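Keep in mind it's a predicted model, so treat the numbers as computed, not measured. Along the sequence shown, residues carry numbers from 1. Computed from heavy atoms alone, side chains included, the values below leave out hydrogens, waters and symmetry copies.
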Amino acid sequence: MAEVEPLRIVLEFARASDAGDPHAFRFAPQSYLVRGERGDFTSTEVAWSRELLADLEALRLPGRDPAALQRVGEVLRRTLEPAGWRQREGAIVDAVAEGRRVSVTIRSAAAELYALPWELLTLRSTGQSLGAIGGVLLRYEWPATATSRARGGPADAEADAGRVLLAWSAAGGAVPAAEHVAALRSAQEGAGRPFDEGRDVLAHATFGRLADLLAEAEASGAAIDGLHILCHGGATGTSFGLTFDGEDGAGAPVVVDPGRLQQLLAPYAGMIRLVVLAACDSGNAGDPGSRLGSVAQMLHRVGVAAVVASRYPLSIGGSNRLSEVLYRGLLTDGATLEEAFVRSRTALARDPTTLDWASVQLYARADDGDATYPLGPPRPGVEDAAAIVAATPAGAPSRLPLVFGGIAALVIAAAVAFALGFGPERGAQVDPGAGAGPAIAGPAATSTIDAGDATTGATTGGAATTGGEATTGDAATTGDGSTTAADAASTGPAEAPPMSTSSTTSSTKVTKKKTATPPANVRVERCPKGLAEYLESKLGSPDGGGVFAIKVNVRGDGSATITSCRGCGELEGAATGRLTTASRDRVLSKGGGGLPCVASFDWD
């Protein structure tokens with residue numbers, strides 16, 4: 001069955017006066033033209049006032065008045081109503097009820113309209129915020145720009161596809177470097193791709209070192225498809241930039257403004273297809289009418305296919321959750337960017353103490369479509385190999401050779417046992433845990449690893465802090481996964497920005513499940529979407545909340561078994577019990593000719 005086409009809505013604005021100058025903003029009620037679906041234009045007005053600006057500023061602050069969100073959302077709705085928004089709102093409500101995906105693109109020739117959080121636009125019928133509705137994608141697009149054409153050549157080799165460079169700097173305060181490295185490692189290994197921390201992590205990033213690394217990657221053909229920057233945002237003039245280390249390694253932090261970052265990355269827009277800015281205010285252009293756009297907007301305008309950023313302060317926990325869910329979707333699950341971004345927003349919305357869900361933005365172009373793969377399309381046949389790789393401790397070599405060595409040892413041991421007369425008829429059994437290398441165990445088998453050895457640095461708390469004393473430096477990591485002593489040095493009392501919180505090295509024992517060898521009748525194919533959604537619906541929501549990565553093997557007879565429940569812990573038993581309520585007839589009906597198969601999804 002063909003997938004139902006998503007509902008696509010483009011809201012295109014131009015200022016009624018001085019339309020040719022995107023930055024000709026006047027602090028007064030402004031008239032705008034909104035383009036209709038048939039090319040016609042309707043006039044509307046934004047009542048720019050001190051009250052609106054005060055509410056916009058309040059959204060940035062902790063302990064904000066929830067009424068400010070509603071007031072801003074209603075201003076946005078009233079702005080669109082003269083342009084036929086009620087009909088479009090009805091279409092969105094109907095599409096969501098039918099299970100259709102929805103994409104809404106904000107395209108404006110008036111720069112000040114990007115300062116408005118359209119995620120908060122309220123629906124008259126339900127009172128919901130547009131960005132809080134599951135299945136609704138909201139993205140931003142600067143008009144008259146185009147995505148740079150992807151470069152061919154050696155960079156397109158299968159071995160290099162999907163490479164992400166993580167560049168981090170704690171020059172502006174502590175950052176959760178270890179958590180972001182771990183999230184990227186898990187996602188890459190879950191997709192069966194190599195992750196080389198020595199090559200793919202740039203610690204204590206400086207502007208110059210990042211420039212050198214990008215030039216080297218392009219020259220060598222070891223393409224960088226995604227660039228993940230973790231640092232603090234910083235004010236620079238009337239706009240916001242990113243805080244990097246000083247070039248000499250000992251100087252003051254350097255706030256790199258949006259124009260210089262655009263200058264750095266513009267030559268590589270055909271190589272880097274996705275930029276993720278895990279930094280406060282990386283989507284903030286400053287005051288309405290500022291002639292220098294946000295970092296995200298400036299990178300988008302020179303042709304980067306997709307940029308993810310935060311228009312407000314981003315919490316520590318939110319940055320970790322964004323990294324984990326976004327890359328797991330893009331790499332491990334083979335989801336489109338649009339699907340992975342919506343999943344990330346949904347995961348961020350589970351924290352009621354932050355506005356991260358409305359803060360995170362996607363800059364991308366409607367003409368590129370609603371099913372893009374900036375890190376490359378999903379690789380067929382990696383589901384089960386990826387599960388084995390995912391069990392490899394960080395910094396350790398791949399276990400695949402050991403696994404196959406273990407299998408060979410088991411075969412030899414069995415042959416020797418029969419030759420010596422200890423076959424099954426004599427009551428002896430071959431221990432599946434014996435042999436050289438780790439055992440390929442059943443679903444219940446577990447092993448423990450020391451998180452202090454397996455992780456790549458310190459762990460941090462989940463909530464953002466707004467003041468107090470930071471107890472550690474920057475959670476720096478080394479090639480062997482240890483935290484350097486210099487980076488663990490204490491800092492003095494400081495009013496910490498949201499991405500600045502204390503970090504301590506963890507030596508907690510973490511239990512990891514080894515994935516079972518798939519049954520002989522299970523092909524490594526992705527289940528049809530309708531079947532995956534049915535299985536997900538049978539799980540309901542996890543007790544106590546949370547977001548967990550679930551993998552289910554569905555056999556040809558309609559039976560389903562959970563083979564991986566990442567992070568579930570004691571909740572796995574509940575998930576297994578709920579899955580048993582799935583009807584085999586429904587599974588067979590929804591699976592059609594796609595059985596047997598593997599379904600992967602987030603349990604939340």
Quiz prompt | Taking every non-hydrogen atom, the tightest pair across Gly329 and Arg343 | solution = CA-NH1, 3.9 Å
Quiz item: How far does CG of Leu121 sit from OG of Ser129, to the nearest 0.5 angstrom?
Solution: 8.0 Å
Self-check item: Contact summary for Leu120 and Ala358, nearest pair of heavy atoms
Solution: CD2-CB, 3.9 Å
Exercise. Specify the closest pair of heavy atoms between Ala296 and Ala309, including all atoms of both residues, with the distance to one decimal.
Key: CB-CB, 3.5 Å
Quiz item: Is there a donor-acceptor pair under 3.5 Å between the side chain of Asp602 and the backbone N or O of Asp604?
Solution: no
Quiz prompt | CG-CD distance between Asn320 and Glu179, expressed to the nearest 0.5 angstrom | solution = 5.0 Å
Quiz prompt | Residues that Tyr32 engages under ring pair (Phe, Tyr, Trp, His ring centres under 6.0 Å), provided they are two or more places apart | solution = none
Quiz prompt | Option from Phe240, Tyr140, Tyr114 for which side-chain contact (heavy atoms from CB on, under 4.5 Å) with Arg311 holds | solution = Tyr140
Exercise. Among residues two or more places apart or on two chains, list those pairs meeting salt bridge (Lys or Arg N to Asp or Glu O under 4.0 Å) that have a residue in residues 272-282.
Key: Arg60-Asp281
Quiz item: Tell me the salt bridge (Lys or Arg N to Asp or Glu O under 4.0 Å) pairs involving residues 286-305, sequence neighbours left out?
Solution: Asp21-Arg291
Exercise. Using atom types as modelled and distance alone, determine if a side-chain donor or acceptor of Thr44 lies under 3.5 Å from a backbone N or O of Thr79.
Key: yes
Exercise. Taking the side chain as every heavy atom from C-beta outward, state whether Arg163 and Phe195 have any pair of such atoms under 4.5 Å apart.
Key: no
Practice problem: Would you give the length of the straight line joining atom OG1 of Thr332 to atom CG of Leu330, rounded to the nearest 0.5 angstrom? | Solution: 9.5 Å
Quiz item: Is the backbone of Thr236 close enough, under 3.5 Å, to the side chain of Ser239 for a donor and an acceptor to pair up by distance?
Solution: yes
Quiz item: CG/Leu138 to OG1/Thr105 distance, rounded to the nearest 0.5 angstrom?
Solution: 8.0 Å
Self-check item: Shortest non-hydrogen contact between Ala170 and Asp245, atoms and distance
Solution: N-OD1, 4.1 Å
Quiz item: Between Glu112 and Arg15, is there a salt bridge with N-O shorter than 4.0 Å?
Solution: yes
Exercise. Using the side-chain contact (heavy atoms from CB on, under 4.5 Å) rule, take Ser319 and His180 through it: C-alpha gap first, then chi angles, then the decisive distance, then the call.
Key: CA-CA 8 Å; Ser319 77; His180 286 233; 3.1 Å; yes
Quiz prompt | side-chain contact (heavy atoms from CB on, under 4.5 Å) evaluation trace for Ser49 with Leu52 | solution = CA-CA 5 Å; Ser49 64; Leu52 175 59; 3.7 Å; yes
Quiz item: Is a side-chain N or O of Arg64 found less than 3.5 angstrom from the main chain of Leu61, in a donor-acceptor match?
Solution: yes
Practice problem: Under the side-chain contact (heavy atoms from CB on, under 4.5 Å) rule, collect the residues that match up with Glu74, sequence neighbours excluded. | Solution: Gln70, Arg77, Arg78, Thr122
Quiz prompt | Results of salt bridge (charged side-chain N to carboxylate O under 4.0 Å, His left out) for Glu141 - residues two or more places apart only | solution = Arg107
Self-check item: Pairwise distance CD(Gln297) to OG(Ser282) - rounded to 0.5 angstrom
Solution: 12.5 Å
Only pairs under 3.5 Å count here: list side-chain donor-acceptor contacts from residues 259-270, not counting sequence neighbours, and write none if there are none.
| residue | atom | partner | partner atom | Å |
| --- | --- | --- | --- | --- |
| Arg260 | NE | Gln263 | OE1 | 2.9 |
| Gln262 | NE2 | Met298 | O | 2.9 |

Exercise. Look at the side chain of His232 and the backbone N and O of Ala174, then say whether any donor-acceptor pair between them is shorter than 3.5 Å.
Key: yes
Quiz prompt | Residues in ring pair (Phe, Tyr, Trp, His ring centres under 6.0 Å) contact with Phe244, at least two apart in sequence or another chain | solution = none
Quiz item: Considering all heavy atoms of both residues, which atom of Ala279 and which atom of Leu242 are nearest to each other, and what is their separation?
Solution: CB-CD2, 3.8 Å
Donor-acceptor contacts, no H, no angles, side chain residues 22-31, under 3.5 Å, sequence neighbours left out:
| residue | atom | partner | partner atom | Å |
| --- | --- | --- | --- | --- |
| His23 | ND1 | Ser290 | O | 3.1 |
| Gln30 | NE2 | Arg26 | O | 2.9 |

Quiz item: With Trp357, which residues qualify under ring pair (Phe, Tyr, Trp, His ring centres under 6.0 Å), at least two apart?
Solution: none
Quiz item: Does a side chain donor of either Ser315 or Asp356 reach within less than 3.5 Å of an acceptor in the other side chain?
Solution: yes
Quiz item: For residues 360-374, which residue pairs qualify under salt bridge (Lys or Arg N to Asp or Glu O under 4.0 Å), counting only residues two or more places apart or in two chains?
Solution: Arg8-Asp370, Arg139-Asp370
Practice problem: Flag the pair Arg328 and Glu324 as a salt bridge only when some basic side-chain nitrogen lies within less than 4.0 angstrom of an acidic carboxylate oxygen. | Solution: yes
Quiz item: Is any side-chain heavy atom of Val136 less than 4.5 Å from a side-chain heavy atom of Val342?
Solution: no
Quiz item: To the nearest 0.5 Å, how far apart are OG in Ser108 and CH2 in Trp118?
Solution: 8.0 Å
Quiz item: Can you name the nearest heavy-atom pair linking Arg345 to Gly131, along with the distance?
Solution: CD-O, 2.9 Å
Quiz item: What pairs with Asp212 under side-chain contact (heavy atoms from CB on, under 4.5 Å), at least two apart in sequence or on another chain?
Solution: none
Exercise. Give every residue pair that meets the ring pair (Phe, Tyr, Trp, His ring centres under 6.0 Å) criterion with at least one member in residues 325-347, sequence neighbours excluded.
Key: His228-Tyr327
